Amino acid sequence: MTDAAALPGQPRGGVLTGPATPRAVNVLAPNASVMTLDGTNTWILAEPDSELAVVVDPGPLDEGHLRNVVDTAEKAGKRIALTLLTHGHPDHAEGAARFAGLTGTKVRALDPALRLGDEGLAAGDVVEAGGLELRVVPTPGHTSDSLCFHLPADQAVLTGDTVLGRGTTVVAHPDGRLGDYLDSLRRLRSLTVDDGVHTVLPGHGPVLEDAQGAVEFYLAHRAHRLAQVETAVEDGYRTPTQVVAHVYADVDRSLWPAAELSVRAHLDYLEEHGLI
């Protein structure tokens, strides 16, 4: 058995649903799959002594899950005051409109098409509710609208799909771009170095106790993949499908379609930088 502390980011063991930090509670959506791991993590955030809560990523359009999120908050004596989205992929955002109806909340997101209400989210914004403070961190790359939320009081960051609790994420070409993603990872690394962030509250998978270790692993992994793709092209593998079959030969074939998106993003990056 592998010691979790030896894995990248030191994933926390045990049940995923429930309290993760003094201000963050996870409600796991029942949409487990190869791409969503154990399911989507829906985060309820609140100051311990406040009646108001913020929900990040209501998840899929699953009535039972959405009502479970509301019930979990109410049992803790909280009223949901606002809904936020890390990005617009359906496993995170599809249930947002229905959730807004259940809770009477506005939905704030970077993408105007996902918002319910006048206010969006942008770099440098600070979201406040009942004394809770969340700082908006733009992290494009997985998608162009990806955001993270820095929770200073818990020295934590909610990462959506930018950093997962297990494995690595897809750079979802063509909307996702590798150069943006690398810049976003470096931005997250600065949070761990300069702002004391040590806990990752991901969109999928377990909580990570070593945020800096997780981000450094992601950066090293991307550098390794980039070198593999460059070498594959030099060796005559020209199409994304050919590169995937060569570079991801040891990966479950069910993941190859997602891998091809990332490979296309890597090929674009190499072309833009004159490396192929």
Side-chain angles (χ1 to χ4, degrees), residues 1-26 28 35-41 43 45 56-57 86-87 134-143 146-172 176 178-228 247-248 250-251 255 258-259 262 265-266 269:
M1 182 177 293
T2 302
D3 182 359
L7 297 174
Q10 297 181 13
R12 185 182 299 175
V15 178
L16 295 179
T17 291
T21 70
R23 293 165 181 80
V25 174
N26 182 31
L28 183 65
M35 293 301 297
T36 61
L37 304 181
D38 311 275
T40 300
N41 294 333
W43 292 102
L45 309 174
V56 176
D57 289 352
T86 61
H87 65 297
L134 287 172
R135 299 174 184 172
V136 178
V137 183
T139 50
H142 169 66
T143 61
S146 288
L147 298 171
C148 292
F149 298 102
H150 177 200
L151 180 56
D154 284 347
Q155 296 179 292
V157 61
L158 291 90
T159 54
D161 282 355
T162 300
V163 174
L164 305 178
R166 185 170 67 251
T168 56
T169 198
V170 174
V171 181
L178 181 59
D180 291 342
Y181 187 61
L182 295 174
D183 287 343
S184 293
L185 290 176
R186 296 183 189 108
R187 192 170 296 120
L188 290 177
R189 181 172 58 187
S190 74
L191 284 181
T192 71
V193 173
D194 301 329
D195 295 279
V197 168
H198 58 68
T199 302
V200 172
L201 305 176
H204 303 280
V207 171
L208 300 178
E209 307 281 10
D210 177 15
Q212 185 173 350
V215 174
E216 293 289 1
F217 170 78
Y218 266 57
L219 284 165
H221 171 78
R222 282 296 157 209
H224 178 62
R225 279 286 188 239
L226 193 60
Q228 286 181 308
V247 172
Y248 290 81
D250 59 343
V251 174
L255 294 172
S262 281
H266 285 65
Y269 180 90

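Predicted model, so just to flag it, every value in this text is computed and none were measured.
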Please find the pair of heavy atoms, one from Thr159 and one from Cys148, that lie closest to each other, and give the distance. CA-SG, 3.5 Å

Nearest heavy-atom neighbours spanning Val215 and Leu188: CG2-CB, 4.1 Å

Sidechain-backbone polar pair: Ser262 side chain, Ala259 backbone, donor-acceptor under 3.5 Å: no

Nearest-0.5 Å distance, CG of residue Leu28 to CG of residue Leu16: 5.5 Å

For Gly165 and Pro11, the nearest pair of non-hydrogen atoms, with its separation, is O-CB, 4.1 Å

For Thr162, does its backbone N or O pair with a side-chain atom of Tyr181 as donor and acceptor, under 3.5 Å? yes

Heavy-atom check, side chain of Leu7 versus side chain of Arg166, under 4.5 Å: no

Let me confirm one number: the CG-OG1 distance from Asp154 to Thr199, rounded to the nearest 0.5 Å. 7.5 Å

Indicate yes or no: at least one non-hydrogen side-chain atom of Arg222 is less than 4.5 angstrom from one of Val171. yes

Do you know which two heavy atoms are closest between Val163 and Pro202, and how far apart they sit? O-CB, 3.5 Å

Can you tell me how far the OG1 atom of Thr40 sits from the NE2 atom of His204, to the nearest 0.5 Å? 4.5 Å

Among residues at least two apart in sequence or on other chains, which ones pass salt bridge (Lys or Arg N to Asp or Glu O under 4.0 Å) with Arg225? none

Got a donor-acceptor contact below 3.5 angstrom from the Arg135 side chain to the Pro152 backbone? no

Under 3.5 Å donor-acceptor, Asn41 side chain and Asn26 backbone: no

CG-CZ distance between Leu201 and Arg12, expressed to the nearest 0.5 angstrom: 8.0 Å

Are the side chain of Thr21 and the backbone N or O of Ala24 linked by a donor-acceptor pair below 3.5 Å? yes

When you look at Met35 and Leu255, which way does the side-chain contact (heavy atoms from CB on, under 4.5 Å) test go after all the steps? CA-CA 8 Å; Met35 293 301 297; Leu255 294 172; 4.1 Å; yes

Apply side-chain contact (heavy atoms from CB on, under 4.5 Å) to Tyr269 and Leu182, showing your working. CA-CA 11 Å; Tyr269 180 90; Leu182 295 174; 4.1 Å; yes

Nearest 0.5 Å please: distance from the NE2 atom of His221 over to the CZ atom of Phe217. 6.5 Å

Regarding Asp161 and His87, do their side chains bring together a donor and an acceptor under 3.5 Å, going by distance alone? yes

Scanning both residues in full, the closest heavy-atom pair of Pro8 with Leu208 reads O-CD2, 4.1 Å

Report the distance from atom CZ of Phe149 to atom CG of Asp57, rounding to the nearest 0.5 Å. 7.5 Å

For Val170 versus His142, what's the shortest heavy-atom pair and its separation? O-ND1, 2.6 Å

Polar side-chain atom of Thr86 near backbone of Ser146 as donor-acceptor pair, under 3.5 Å: no

